[in-house]
Amino acid sequence: MIKPDGVQRNLVGEIIGRFEKRGFKLIALKLVQSTVEHFEKHYADHKGKTFFPRLIKHMASGPVVCMVWQGLDAVKTGRAMLGATDPLQSPVGTIRGDYALAVGRSTCHGSDAIESAEYEIKLWFPEGVVQYTSALETWIQE
Ligand code: ABT
Ligand code: MG
């Protein structure tokens with residue numbers, strides 16, 4: 001997901017481009033202005049933490065771009081591409097290491113486990129994702 005700060009900073013194309021160029025296949029995409037209630041479900045794991053209200057307020061403050069990317073080890077590799085939770089600790093070359101400074105303005109969110117990806121995909125794409133064959137697939141996966 002590209003967070004409101006990422007959208008406002010015109011990083012949508014840059015972030016999508018990195019996932020495309022890495023070789024992942026886009027199977028769902030939408031720009032949405034969502035609600036506090038929906039983000040409370042999205043970040044349910046963090047409920048009760050001190051930063052939770054601030055986090056939810058920021059996420060609901062503007063449109064976000066929801067995406068599902070498919071490919072080898074997508075969760076783990078996607079998180080590595082995003083970088084560390086604290087952008088200041090995130091290596092140059094990662095999205096956060098290149099474009100962010102503050103923990104609460106980290107430009108993008110990535111599912112942290114296969115189970116959370118499944119939960120988040122259902123939450124943001126209840127209509128389901130798109131199944132199709134990409135002509136590039138055999139050039140990216142053996
Ligand atoms: P997300 O991809 O947004 O979930 O970030 P990440 O998984 O790297 O980090 P987690 B731990 O899930 O943090 C979620 C959001 O909460 C913010 N946060 C986190 C704080 O503001 N203070 C903290 O101490 C921690 C641990 C950072 C994340 N995003 N924003 N915006
Ligand atoms: Mg997280």
Side-chain angles (χ1 to χ4, degrees), residues 1-134 136-137 139-142:
M1 173 180 288
I2 304 172
K3 295 179 177 179
D5 47 302
V7 174
Q8 295 297 333
R9 292 178 53 203
N10 286 349
L11 292 173
V12 172
E14 170 64 25
I15 292 170
I16 289 179
R18 287 186 179 217
F19 279 81
E20 275 195 314
K21 282 175 265 189
R22 184 72 191 257
F24 289 110
K25 183 164 82 166
L26 184 63
I27 56 168
L29 172 72
K30 65 167 84 155
L31 176 79
V32 286
Q33 166 80 68
S34 195
T35 61
V36 162
E37 292 70 32
H38 208 70
F39 278 111
E40 282 174 350
K41 288 184 190 151
H42 174 83
Y43 278 124
D45 284 358
H46 294 306
K47 206 168 177 136
K49 295 184 184 163
T50 48
F51 60 83
F52 187 73
R54 208 169 55 223
L55 168 65
I56 299 302
K57 188 177 171 209
H58 172 60
M59 293 303 289
S61 69
V64 296
V65 177
C66 308
M67 301 170 281
V68 184
W69 292 95
Q70 189 177 62
L72 287 176
D73 246 339
V75 168
K76 202 167 140 225
T77 312
R79 293 278 295 185
M81 289 167 68
L82 263 52
T85 299
D86 179 357
L88 291 181
Q89 305 301 322
S90 203
V92 168
T94 62
I95 295 167
R96 291 168 177 169
D98 288 348
Y99 299 116
L101 290 170
V103 172
R105 298 289 184 272
S106 60
T107 75
C108 48
H109 158 81
S111 306
D112 60 11
I114 290 171
E115 305 77 64
S116 28
E118 285 166 351
Y119 172 79
E120 289 165 16
I121 291 169
K122 279 198 198 96
L123 189 63
W124 294 100
F125 297 97
E127 68 279 21
V129 299
V130 179
Q131 308 253 358
Y132 66 101
T133 304
S134 159
L136 276 180
E137 257 160 290
W139 298 102
I140 285 165
Q141 290 186 204
E142 294 177 70

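Atoms within each ligand, like the ligands themselves, are counted from 1 in listed order.
- Contact detail for Y43 and F52: the closest heavy-atom pair is O-CE1, 3.3 Å.
- Ring planes of W124 and H38: perpendicular class, angle over 60° (limits at 30 and 60°).
- Taking 4.0 Å as the cut-off, R79 counts as a neighbour of ligand 1 on heavy-atom distance.
- Near L55, with a cut-off below 4.0 Å to any heavy atom, the atoms of ligand 1 are 15 (C), 16 (O), 29 (N), 30 (N), 31 (N).
- Ion pairing between a basic and an acidic side chain is recognised when a charged N comes within 4.0 Å of a carboxylate O; E118 and K122 show no such pairing.
- Interface atoms of ligand 1 facing R96, defined by a heavy-atom separation under 4.0 Å, are 1 (P), 2 (O), 5 (O), 8 (O).
- Near H109, meaning under 4.0 Å from one of its heavy atoms, ligand 1 places the atoms 1 (P), 2 (O), 3 (O), 4 (O).
- The line from CG of L29 to CE of M67 is 7.0 Å long, rounded to the nearest 0.5 Å.
- Looking at atom 21 (O) of ligand 1, its nearest protein heavy atom turns out to be V103 CG1, 3.5 Å.
- Crowding of Q141 atom CD: a count of heavy atoms from other residues, nucleotides or ligands under 6.0 Å exceeding 12.
- Scanning the protein heavy atoms around atom 6 (P) of ligand 1, the nearest turns out to be T85 OG1, 3.5 Å.
- Within the 4.5 Å cutoff, the side chain of R105 has no heavy atoms near those of the R9 side chain.
- Ligand 1 has at least one atom lying under 4.0 Å from a heavy atom of Y43.
- Interface atoms of ligand 1 facing G110, defined by a heavy-atom separation under 4.0 Å, are 2 (O).
- Close approach of ligand 1 to G104 (heavy-atom distance below 4.0 Å) involves ligand atoms 31 (N).
- Protein heavy atom nearest atom 25 (C) of ligand 1, with residue, atom name and distance: F51 CE2, 3.4 Å.
- Atoms CG and CZ, from L72 and R22 in turn, are 10.0 Å apart once rounded to the nearest 0.5 Å.
- Checked by distance only, ligand 1 and H58 stay at 3.5 Å or farther apart across all their nitrogen or oxygen atoms.
- Ring pair H42/F39 is perpendicular by interplanar angle, where above 60° counts as perpendicular and below 30° as parallel.
- Closest non-hydrogen pair, S111 versus V75, comes out as O-CG1, 3.4 Å.
- Here the heavy atom of the protein found nearest to atom 28 (C) of ligand 1 is K3 NZ, 3.8 Å.
- Taking a cut-off of under 4.0 Å to the non-hydrogen atoms of H46, the atoms of ligand 1 that pass are 10 (P), 11 (B), 12 (O), 13 (O), 14 (C).
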